[in-house]
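What follows is a set of notes on a single structure, which appears directly below.
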Amino acid sequence: QLQACGGGLVQAGGSLRLSCAASGFTFSSYGMGWFRQAPGKEREFVAGISRSVIITYYTDSVKGRFTISRDNAKNMVYLQMSGLKPEDTAVYYCAASPLGYQITLTTMYNLWGQGTQVTVSS
């Protein structure tokens with residue numbers, strides 16, 4: 001089970017930190033990712049982190065602004081978002097992948113959280 005939280009309404013240029021609590025599976029054996037889905041659009045990959053915390057992946061539009069991290073001792077994954085833009089507005093989902101690495105595609109993930117709304121006003 002994945003439980004995401006931390007979304008909200010923020011002005012452009014602001015920051016938010018999303019958190020995702022994992023339970024019911026061996027967290028350290030899974031790669032973790034964040035996805036987002038805006039109204040009328042497909043769900044898209046935002047950021048991913050390997051099992052071992054060593055490797056991170058980002059979609060180009062968030063590089064330099066978002067940082068994904070995880071704490072395997074606490075079964076938590078985070079997404080620190082700064083420099084937020086109105087186009088970042090979406091429901092953000094955390095997800096778990098058994099593959100561990102190169103986890104940039106939706107189809108690589110088999111566990112999904114319920115989503116948390118992020119709204120960025122201009």
Side-chain angles (χ1 to χ4, degrees):
Q1 184 178 2
L2 297 171
Q3 188 79 20
C5 64
L9 173 64
V10 63
Q11 288 188 332
S15 299
L16 280 175
R17 187 195 195 205
L18 305 183
S19 300
C20 178
S23 62
F25 63 98
T26 305
F27 181 73
S28 60
S29 295
Y30 280 70
M32 297 298 297
W34 287 95
F35 290 75
R36 65 188 179 188
Q37 188 166 17
K41 295 187 177 181
E42 293 186 354
R43 190 171 298 188
E44 65 169 351
F45 171 80
V46 176
I49 188 166
S50 64
R51 300 169 181 143
S52 61
V53 192
I54 294 175
I55 304 172
T56 56
Y57 311 90
Y58 298 94
T59 192
D60 287 345
S61 63
V62 308
K63 285 180 180 177
R65 300 189 297 123
F66 291 11
T67 302
I68 188 171
S69 61
R70 66 188 293 168
D71 185 337
N72 285 349
K74 296 182 179 179
N75 287 5
M76 296 289 295
V77 61
Y78 307 97
L79 186 68
Q80 178 67 47
M81 306 184 293
S82 60
L84 283 161
K85 305 175 181 180
E87 51 264 44
D88 295 319
T89 295
V91 177
Y92 282 71
Y93 300 88
C94 64
S97 170
L99 298 178
Y101 299 95
Q102 295 294 334
I103 44 174
T104 59
L105 300 178
T106 306
T107 52
M108 294 175 173
Y109 292 77
N110 62 355
L111 296 173
W112 293 86
Q114 85 289 358
T116 184
Q117 176 70 48
V118 172
T119 303
V120 184
S121 63
S122 57

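- The side-chain contact (heavy atoms from CB on, under 4.5 Å) check on E44 picks up R36, with sequence neighbours excluded.
- Under the 4.5 Å side-chain heavy-atom criterion for ILVMFWY residues, no single connected hydrophobic cluster contains both L9 and L18.
- The distance from atom OH of Y92 to atom SG of C5, rounded to the nearest 0.5 Å, is 15.5 Å.
- Looking at every heavy atom in both residues, Y93 comes nearest to G113 through CD2-O, 3.5 Å.
- Taking both residues in full, the closest heavy atoms of L2 and A22 are given as CD2-CB, 3.6 Å, listed atom of the first, atom of the second, then distance.
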Ignoring hydrogens and angles, write down the donor-acceptor pairs under 3.5 Å from the side chains of residues 102-111, residues two or more places apart or on other chains.
| from | atom 1 | to | atom 2 | distance (Å) |
| --- | --- | --- | --- | --- |
| Y109 | OH | I103 | O | 2.7 |

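- Between F27 and D71, the shortest heavy-atom contact is CE2-O, 3.8 Å.
- Closest of all the heavy-atom pairs between K63 and Y58 is CE-O, 3.3 Å.
- Among V120, V46, L16, the single residue meeting the side chain to side chain contact (heavy atoms under 4.5 Å, CB included) criterion with D88 is V120.
- Residues S28 and N72 share a closest heavy-atom pair of CB-ND2, 3.9 Å.
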Tell me which donor-acceptor pairs under 3.5 Å the side chains of residues 75-87 have, and how far apart each pair is, sequence neighbours excluded?
| from | atom 1 | to | atom 2 | distance (Å) |
| --- | --- | --- | --- | --- |
| S82 | OG | R65 | O | 2.9 |

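- Rounding to the nearest 0.5 Å gives a distance of 9.5 Å between CD of Q3 and OG1 of T116.
- Residues in residues 60-112 take part in these disulfide (SG to SG under 2.5 Å) pairs, two or more places apart or across chains: C20-C94.
- Distance check: F25 CZ to Q1 CD gives 10.0 Å after rounding to the nearest 0.5 Å.
- In this structure, F35 and F45 have perpendicular ring planes: the angle between them is above 60°, well past the 30° mark.
- Between the side chain of Q114 and the main chain of A4, a donor-acceptor pair closer than 3.5 Å is present.
- Here T119 pairs with Q117 under the side-chain hydrogen bond (donor to acceptor under 3.5 Å, both in side chains) rule; sequence neighbours left out.
- Listed by chain and number, the residues in a salt bridge (charged side-chain N to carboxylate O under 4.0 Å, His left out) with K41 amount to none (sequence neighbours excluded).
- Here the shortest heavy-atom pairing between S52 and Y101 reads OG-OH, 3.7 Å.
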